[in-house]
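By convention here, the first residue in the shown sequence is residue 1.
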Amino acid sequence: MMTNNNDWLKSVYSDGSKWFVSNPLPKKGEKITIALQVSEDSPVKAVVLRTKLNGVERLFKMKKITDKNILATNTANGLSRYETSIQVFEKELRYQFYLTTEDCIYYYTENGITTYIPNEAYDFRILTDYQQPTWVKNAVFYQIFPERFCNGNPDNDVKDNEYVFDGYPVKKVKDWNSVPEEYEKAHCLDFYGGDLEGITQKIPYLKKLGITAIYLNPIFYGATVHKYDCLDYFHVDPHFGGDEAFEELCKELHKNDIKIILDVSINHTGIACKWFNRDGTFFPKSQGAFNNPDSEEREFYFFGKDNSYKSWFNVTTLPTLNYTSEKLRNRLYRDSDSLVKKWLKPPYSTDGWRFDVADTMARNDELQLHHEVWPEIRKSIKEENSQAYILAEDWSDCTDFLNGDEWDSPMNYIGSSRPIRQFFGETDILNTRLPELNSVKYKMTAKDFSGRISSILNRLPFAIRQVQFNLLGSHDLPRMHNNPKISKDAYKGAVIMMFTLPGSANIYYGDEAEIDGTAPAMEGCRYPMPWDKDIESTDAYKMYSTLTKIKTTSPAFADGGFKFLWDEDYVVAFARFTPKDLFITVASSDTEDREIKLPIYIFGKDFSKNIPKTDVFGNKLETSVDSGFLKVKIPAGKSYLIDLSIK
């Protein structure tokens, strides 16, 4: 089965899933069993689990399992299994493995295998008392920008000149299919009429596509089309249909087994918010902090002596909230009728929150309160719904928030969108901000990609890894398929990758419809949904619907393992697997045809017995099997999802 003396090292595997941990979500004080597998042909003499208990290093010799019932359930044919049990009392259990042969000790962590003792930075990690939103593990989200999705009730549309905000009048766009104007001209006050009734009417469409959860951009009372400049956290915007339309939407979504999470900024409000109310546009000036120094809400903001105020990135229409205020914390998340709790309660019973600009929330120079506030917010949310999902906007490395007591996931730009889009030819989105970085035209290699993904995943507890929010685009990012430099093959490869990485998948509304748009303009990713189009006949719709079915039904994507199998030149391959399921993603950004050699024997002998002739999309495969290796010919720029599961 193995072709050289060290091939067995590829078969060494463990993770935090139910296949290797008797209870992946243990309570403090619980005894759990941890397992490792390795090829039965390996020269391993003993396996030891190394951990620290109460600060002291401990070594546990693992037992080789011979019980056929255990092996039949948890281990594929051709693999040996080792187990040991540990009682967990601390916040997390961190561990690594030592494997001995006749003449060497191999050390195995999330970061791979070494012949030297590694540090603990990449230890395997099991969280205790972590309240994982289990429904997220193989969820397919559909992100909706409500104002541009569907107009279900024209009677609630904004009227021309209905109000003036920040010196500009609002405008009702008469032609749903017209191109949105840029901010400099429309000032985010060009309303197409999308509303919550429109979303409710399109639930059958979403259901057929395979959607299991909705991520809804802000719906609370706001002056602009995006609603991030909130006027009132406690009521849905009347132009979206108000609280009643939202109640009906939630009822119908839940009736169809579709979850819903809401989007909100609690880093800042709008200047017209009733708490701030600078200009008296929507509320009398006798209300709010700006014109009333003695108001209760004054302490909610940072005011100077001259009535100046701190704002988010100096955007004067977005005054920053001040978390030194206990009253603010009460209103936002502590009180039983607080913002956070109100919408989690009946009659809405929402399923989680997405927090805008969470990276900077409660962080203001000398006042760094973020790691104090976020655990409090999590506690309040979980008191209402232990399965609620806590999603936070952060574009970069934020692993210090991902330890089970703050966020469940960031918007996973760092671990999905950014590396995937760069692999297929775009410049990393954050590098485009500086000409000195943007001007460097470097083609990301396969090893760059695997290294970048591994550097994030390998630092996360497995239970956190399972609920990452993977995405390609959003309301803040140009759509990848609108980039003229990105081919259809490249886009397909990117979507396959996003769907098959650990965690959930997110479709930004209209991507499945091949919606129009421009890059890099912000309004270019907020075009109205093209309902006049025969959406279901598009290649994108067929691709997405195939992937949603696989994502939501295969155990490999909810509880399966993850392993890179190939990262040479510009071709990447990785596996998602259980003892009976095996999916291999192969993605090429290469300009040359390649043949890759994948060690499928490491997942068990049975996976070599039934090699498919096509991938999941029906594309023909050129393959052969030799000594447990699957050879696949990959034409330049082509990508595949291959199902080798045991039927």
Side-chain angles (χ1 to χ4, degrees), residues 10 13 15 137-138 140 412 415-417 419-424 444-454 456-457 465-466 468 470-472 480 488-507 543-544 546-578 581-590 594-600 602-603 607 611-612 614-623 629-645:
K10 297 184 178 74
Y13 190 80
D15 62 30
K137 293 188 293 185
N138 63 337
V140 177
N412 198 23
S416 56
S417 177
I420 291 172
R421 293 178 70 146
Q422 186 182 359
F423 180 72
F424 283 104
M444 179 186 256
T445 68
K447 276 190 167 49
D448 291 335
F449 180 83
S450 65
R452 193 164 171 188
I453 295 293
S454 298
I456 298 298
L457 286 182
R465 187 188 301 182
Q466 287 180 298
Q468 292 304 284
N470 298 321
L471 71 164
L472 280 184
M480 188 177 179
K488 281 196 171 185
D489 284 340
Y491 182 64
K492 181 178 182 180
V495 175
I496 295 171
M497 276 186 162
M498 186 269 288
F499 261 81
T500 54
L501 285 169
S504 64
N506 180 61
I507 303 172
M543 171 181 66
Y544 277 108
T546 297
L547 289 169
T548 59
K549 183 177 180 180
I550 293 170
K551 181 77 171 181
T552 56
T553 58
S554 173
F557 297 106
D559 295 298
F562 173 84
K563 190 176 181 71
F564 278 104
L565 303 179
W566 187 269
D567 58 358
E568 299 292 334
D569 303 305
Y570 302 97
V571 181
V572 169
F574 59 78
R576 300 299 310 278
F577 57 95
T578 73
D581 306 280
L582 177 58
F583 287 84
I584 297 177
T585 293
V586 181
S588 171
S589 64
D590 214 315
R594 301 288 181 183
E595 182 175 74
I596 63 176
K597 186 178 177 183
L598 308 177
I600 60 173
I602 67 178
F603 305 110
F607 290 115
I611 304 301
T614 64
D615 74 350
V616 301
F617 304 102
N619 300 306
K620 185 178 178 181
L621 297 171
E622 290 190 56
T623 62
F629 285 84
L630 175 65
K631 295 180 180 179
V632 189
K633 291 184 178 179
I634 309 298
K638 294 293 185 180
S639 299
Y640 303 98
L641 179 57
I642 306 171
D643 181 5
L644 287 83
S645 302

What is the minimum heavy-atom distance between Ser589 and Phe424, and which atoms define it?
CB-CD2, 4.1 Å
So do Thr623 and Ile642 actually touch side chain to side chain, heavy atoms under 4.5 Å?
no
Before you tell me yes or no, could you show the steps for Arg594 and Lys633 under side-chain contact (heavy atoms from CB on, under 4.5 Å), namely the whole-Å CA-CA distance, both residues' side-chain angles and the distance that decides it to 0.1 Å?
CA-CA 6 Å; Arg594 301 288 181 183; Lys633 291 184 178 179; over 6 Å; no
Should Val495 and Tyr544 count as side-chain neighbours, where that means a heavy-atom distance under 4.5 Å?
yes
What class does the angle between the rings of Phe564 and Phe574 fall in, given that below 30° is parallel, 30 to 60° is tilted and above 60° is perpendicular?
perpendicular
Sidechain-backbone polar pair: Thr585 side chain, Met497 backbone, donor-acceptor under 3.5 Å:
no
Atom pairs and distances, donor-acceptor, side-chain atoms in residues 555-563, under 3.5 Å, two or more places apart:
unit_1	atom_1	unit_2	atom_2	d
Asp559	OD1	Lys137	NZ	2.7
Asp559	OD1	Gln466	NE2	3.2
Lys563	NZ	Lys10	O	3.4

Test log, rule side-chain contact (heavy atoms from CB on, under 4.5 Å), inputs Leu641 and Leu547:
CA-CA 9 Å; Leu641 179 57; Leu547 289 169; 3.8 Å; yes
dist Lys597:NZ -> Leu630:CG (nearest 0.5 Å) comes out at 11.5 Å
Angle class for the Phe577/Phe603 ring planes (parallel below 30°, perpendicular above 60°, tilted otherwise)?
tilted
Do you know the tightest heavy-atom contact between Ile550 and Phe583?
CG2-CE2, 3.7 Å
To the nearest 0.5 Å, what is the distance between CD1 on Ile420 and CE on Met444?
10.0 Å
Checking Thr614 side chain against Asn619 main chain: does a donor-acceptor pair fall under 3.5 Å?
no
With sequence neighbours excluded, what pairs up with Ala505 under the side-chain contact (heavy atoms from CB on, under 4.5 Å) test?
Met498, Phe499, Lys551
Minimal non-hydrogen separation, Leu472 against Arg421, with atom names
O-NH1, 2.9 Å
Does Ser645 offer a backbone N or O that forms a donor-acceptor pair with the side chain of Asp581 under 3.5 Å?
no
Between Ser588 and Tyr570, is a side-chain contact (heavy atoms from CB on, under 4.5 Å) present by the stated rule, with each step listed?
CA-CA 6 Å; Ser588 171; Tyr570 302 97; 5.6 Å; no
Are the side chain of Ser454 and the backbone N or O of Gly451 linked by a donor-acceptor pair below 3.5 Å?
no
Asn506 (side chain) donor-acceptor with Asn470 (main chain) under 3.5 angstrom
no
Measuring from Ser450:OG to Leu457:CG, what's the distance to the nearest 0.5 Å?
11.5 Å
Say you draw a straight line from CG of Asp569 to CG of Asp590; how long is it, rounded to the nearest 0.5 Å?
5.5 Å
Exceeds 12 heavy-atom contacts within 6.0 angstrom, atom NZ of Lys549:
no
Quick one: CG on Asp643 to CG on Leu582, what's the gap to the nearest 0.5 Å?
8.0 Å
Testing the basics here: between Leu598 and Ile596, what is the closest heavy-atom pair and its distance to 0.1 Å?
CD2-CD1, 3.8 Å
Non-hydrogen atoms of Leu621 and Pro612 that approach each other most closely
CD1-O, 3.9 Å
With a 4.5 Å heavy-atom cut-off, do Asn412 and Leu501 have their side chains touching?
no
Reported CH2-to-NZ distance for the pair Trp566 and Lys447, which is rounded to 0.5 angstrom
8.5 Å
Taking all atoms of both residues into account, what is the closest heavy-atom pair of Ile453 and Gly415, and its distance?
CD1-O, 3.3 Å
Is any side-chain heavy atom of Val586 closer than 4.5 Å to a side-chain heavy atom of Asp615?
no
Evaluate Leu565 against Ile602 for side-chain contact (heavy atoms from CB on, under 4.5 Å), listing each step before the verdict.
CA-CA 10 Å; Leu565 303 179; Ile602 67 178; 4.0 Å; yes
